[in-house]
Amino acid sequence: MSLSPTAQSGRPVVPSRARWQPLGLDQVRITGGFWADLQDRNARTMIDHCERWIETLGWSGNFDAAVDGRLPADRRGREFSDSEIYKLLEAMAWEVGRTGDPELESRLLALTARIAAAQEPDGYLNTMFGRPGQGERWSDLEWGHELYCAGHLIQAGVARARTVDDWSADPLVRVVLRVADHVCGVFGPDGDQRVCGHPEIEVALVELFRVTGERRYLDQARQFVDRRGHGVLADIEFGRAYFQDDEPVREATVLRGHAVRALYLASGAADLAVEDDDQELLDAVTRQVRTTLARRTYLTGGMGAHHEGESFGQDWELPPDRSYSETCAGIASVMTNHRLLLQTADPRHADAVERTLFNVLAASPSAEGTAFFYTNPLQQRLPGDVPDPDVASPRASSSLRAPWFHVSCCPTNVTRTVATLSSYLATADDHGIQLHQYAPATIRTGDLHLTVATGYPLDGRIEVSAVSAPDAWSLTLRVPSWAVGAVLTRADGTQLGVDPGYSTVPGPRAGETVTLDLPVDPRFTVADPRVDAVRGQVAVEAGPLVYALESVDLGADVATARVTADSPRRDADGRVLVRARVDQVPARDWPYGATAETTPGEVRDVALVPYQAWGNRGPSTMRVWLPHG
């Protein structure tokens, strides 16, 4: 099985079978609005910023040091720093595929050449292990990240293969094939029976199989998935659940342990299930993800309640101020839910993708694209300090976006995801087109050419117009779960009230338009009563955006703010306002008593900001969940 180059072109995910088939970056173009601005920021600033940092810190120089024989003395960065170069290469590959930027193409090839020069004759490639003075190859699968790094390199090669005319001749793809063959040789059925402490290689190998048609890559992915959960790795302080080696994938009922690891594994297992036609495995992954969405996911779509172990908590353990919600976990959630959407056509997965893109992915980069959030708490108790723009932060949980981190998996992950945003907008089947995410865009496939016009997410009107179209086709539009009261206007002018989920109408002919109106007025949201940490509090949402209260707007610490029962609203400037007051709490020697002694402040209008924009105006306290009453 090997799909034609045309069938795979520009597609980050290419299942051989699916309810809905994804469209490529050359078929769907974001032309304006929120996501176009972010893609422009990525192209102009974020990719360059990441490249500059990995050069400045010497992480990319590790490959040069390997060639010159200067390792381990001259090696810089953590054991997994190679993976940051690989994720940056993937971002470059998708961006070149999206824009054709010749200067970025030159930089990609130059970086590839440095990496290729460090590859060993047998295909092994890692700057942390295998040389005199270093640990032996594959000697620390619990923590060494060798297979994790190989997985990210393979994903970069897959991106390159799907964005060039002849992938078999591409230097990056040639490096990747040698790495993958080496992995299969070492970890095949008669080889090392362990797995990597950090899942990632699984999803990469399945996609490489989809590119090349070589079954040994799919077979190796299957072996890695099936081995996990049988105690093949050493036990650690966090327990084997930390790296999902406590329970077989087919038997698990919910995602647990390190959130990024769990979600990368879920993505790989879902891809494997599709290519193996393994409904049992696909059902198991779907069950785990849906239970996690129902019980272990923050309002923003963030996943991971514990700083210790960067892990999921128990059901409904979702403290806002201690939320870890790593940016990489959000991206991994998007990856997993997108895959399940393609197979199940269940709108819950598209809703999860939308929520996470707007409120986790978009929250990470600063307005300038030169600093990033690693963690995404829903409450910030201290204003924090402005980080030095020339110093990498030692802490993932920095109080403001930092220019770089000692562990900088998130910035490069953001860049590769933003470059592929258009791939989440639309899919196709034998009957027509499905729109899952909304942005100004053009869609071209076969003899169908559509334009999407919208001011989403601030404006809920989405107009889908046909420039050219076949005589009969169907258009399917997602109505988000929060959009009660949505109205769909067909091409003939007929208006329909539509419920949350997917609605299908006859596709417009050339010159005709279908319009979907979604209610994006601000609204109060409450949590499941089992979420102890936010009982008696409300959050404000408008459309897909979660909003936050910042001390910059309140004029006081947000800790003592309370909102009234008045519904939130927009004012003439488009700001979201709530009626709120700041209660005065007297100083005392003991913080408990029979009653809460407070003096209510004056009720007034206070502006909120979209959660993804908080922290862009300097140090601030912030909270999403607001005491009510």
Side-chain angles (χ1 to χ4, degrees), residues 10 12 25-26 29-30 34-63 77 80-115 149 152-153 155-164 170-172 176 327-328 330-331 334-335 357 360-374 389-390 392-393 401-405 407-424 612:
L25 306 186
D26 54 340
R29 297 278 184 177
I30 299 173
F34 183 89
W35 293 121
D37 290 345
L38 185 57
Q39 285 196 315
D40 183 61
R41 197 186 325 164
N42 192 43
R44 287 186 298 101
T45 305
M46 288 157 53
I47 290 175
D48 293 358
H49 178 86
C50 292
E51 187 178 13
R52 185 167 59 254
W53 271 98
I54 65 170
E55 286 290 342
T56 299
L57 295 179
W59 296 358
S60 51
N62 290 334
F63 297 95
F80 37 73
S81 63
D82 290 2
S83 70
E84 307 314 333
I85 288 81
Y86 302 153
K87 280 185 284 184
L88 176 62
L89 273 177
E90 184 183 349
M92 289 175 164
W94 291 125
E95 189 62 29
V96 169
R98 189 178 77 87
T99 64
D101 184 340
E103 194 270 336
L104 187 59
E105 166 84 357
S106 296
R107 285 155 47 199
L108 183 156
L109 291 174
L111 188 53
T112 296
R114 295 166 69 187
I115 293 167
C149 289
H152 276 302
L153 176 57
Q155 285 192 294
V158 168
R160 187 66 174 164
R162 290 177 176 159
T163 50
V164 295
D170 184 79
L172 177 56
V176 162
T327 297
C328 284
I331 290 169
V334 169
M335 290 169 55
L357 286 177
V360 178
L361 172 76
S364 181
S366 66
E368 298 77 23
T370 56
F372 299 83
F373 276 138
Y374 189 115
D390 299 317
S393 173
R401 294 174 181 86
W404 202 250
F405 302 89
V407 177
S408 247
C409 49
C410 294
T412 51
N413 222 349
V414 169
T415 59
R416 69 173 183 147
T417 305
V418 172
T420 62
L421 279 172
S422 64
S423 66
Y424 298 106
Q612 40 90 352

*asked:* salt bridge (charged side-chain N to carboxylate O under 4.0 Å, His left out), that's the test. Do Arg107 and Asp101 meet it? Break it down for me.
replied: CA-CA 10 Å; Arg107 285 155 47 199; Asp101 184 340; 5.8 Å; no
Out of curiosity, [X] [atom1] to [Y] [atom2], how far, rounded to the nearest 0.5 Å?
| X | Y | atom1 | atom2 | value |
| --- | --- | --- | --- | --- |
| Thr112 | Leu172 | OG1 | CG | 4.5 Å |
| Arg41 | Thr415 | CZ | OG1 | 13.0 Å |
| Ser60 | Ile85 | OG | CD1 | 5.5 Å |
| Met92 | Leu109 | CE | CG | 10.0 Å |
| Trp59 | Asp82 | CH2 | CG | 10.5 Å |
| Trp53 | Thr412 | CH2 | OG1 | 14.0 Å |

If every non-hydrogen atom of [X] is compared with every non-hydrogen atom of [Y], which pair is closest and at what distance?
| X | Y | result |
| --- | --- | --- |
| Ala156 | Tyr86 | CB-O, 3.5 Å |
| Ala91 | Ile47 | O-CD1, 4.2 Å |
| Cys410 | Phe373 | CB-O, 4.3 Å |
| Leu89 | Leu108 | CD2-O, 3.8 Å |
| Leu38 | Pro365 | CD1-CG, 4.0 Å |
| Leu25 | Arg29 | O-NE, 3.4 Å |

*Is Arg162 salt-bridged to Asp26, going by a charged N under 4.0 Å from an acidic O?*
no
*Flag the pair Glu95 and Arg98 as a salt bridge only when some basic side-chain nitrogen lies within less than 4.0 angstrom of an acidic carboxylate oxygen.*
yes
So does [Y] get a backbone contact from the side chain of [X], meaning a donor-acceptor N/O pair under 3.5 Å?
| X | Y | result |
| --- | --- | --- |
| Thr420 | Ser423 | no |
| Asn42 | Val418 | no |
| Ser364 | Leu361 | no |
| Ser106 | Pro102 | yes |
| Arg401 | Ala363 | yes |

*What residue among Glu90, Lys87, Arg416 forms side chain to side chain donor-acceptor pair (under 3.5 Å) with Gln155?*
Arg416
_Within the 3.5 Å criterion, strictly below it, is a donor on Gln39 or Trp35 matched to an acceptor on the partner's side chain?_
no
*Taking atom types as modelled and ignoring hydrogens, do the side chains of Glu84 and Ser408 form a donor-acceptor contact shorter than 3.5 angstrom?*
no
_Criterion side-chain contact (heavy atoms from CB on, under 4.5 Å) on Val164 and Val96, from CA distance to verdict_ = CA-CA 9 Å; Val164 295; Val96 169; over 6 Å; no
[Y] and [X], any side-chain heavy atoms less than 4.5 Å apart:
| X | Y | value |
| --- | --- | --- |
| Leu57 | Trp404 | yes |
| Tyr424 | Val334 | yes |
| Asp390 | Pro403 | no |
| Tyr374 | Ser393 | no |

_Go through it in stages, so that I can follow the logic: the residues are Phe372 and Met46, the test is side-chain contact (heavy atoms from CB on, under 4.5 Å), and I'd like the CA-CA distance, side-chain angles, deciding distance and then a yes or no._
CA-CA 10 Å; Phe372 299 83; Met46 288 157 53; 4.1 Å; yes
_Assess the residue pair Phe34 and Gln612 against the criterion (side-chain contact (heavy atoms from CB on, under 4.5 Å)); give the C-alpha distance rounded to whole Å, side-chain angles, the decisive distance to 0.1 Å, and a yes or no._
CA-CA 12 Å; Phe34 183 89; Gln612 40 90 352; 3.3 Å; yes
*Taking it one step at a time, do Leu421 and Leu357 satisfy side-chain contact (heavy atoms from CB on, under 4.5 Å)?*
CA-CA 9 Å; Leu421 279 172; Leu357 286 177; 4.0 Å; yes
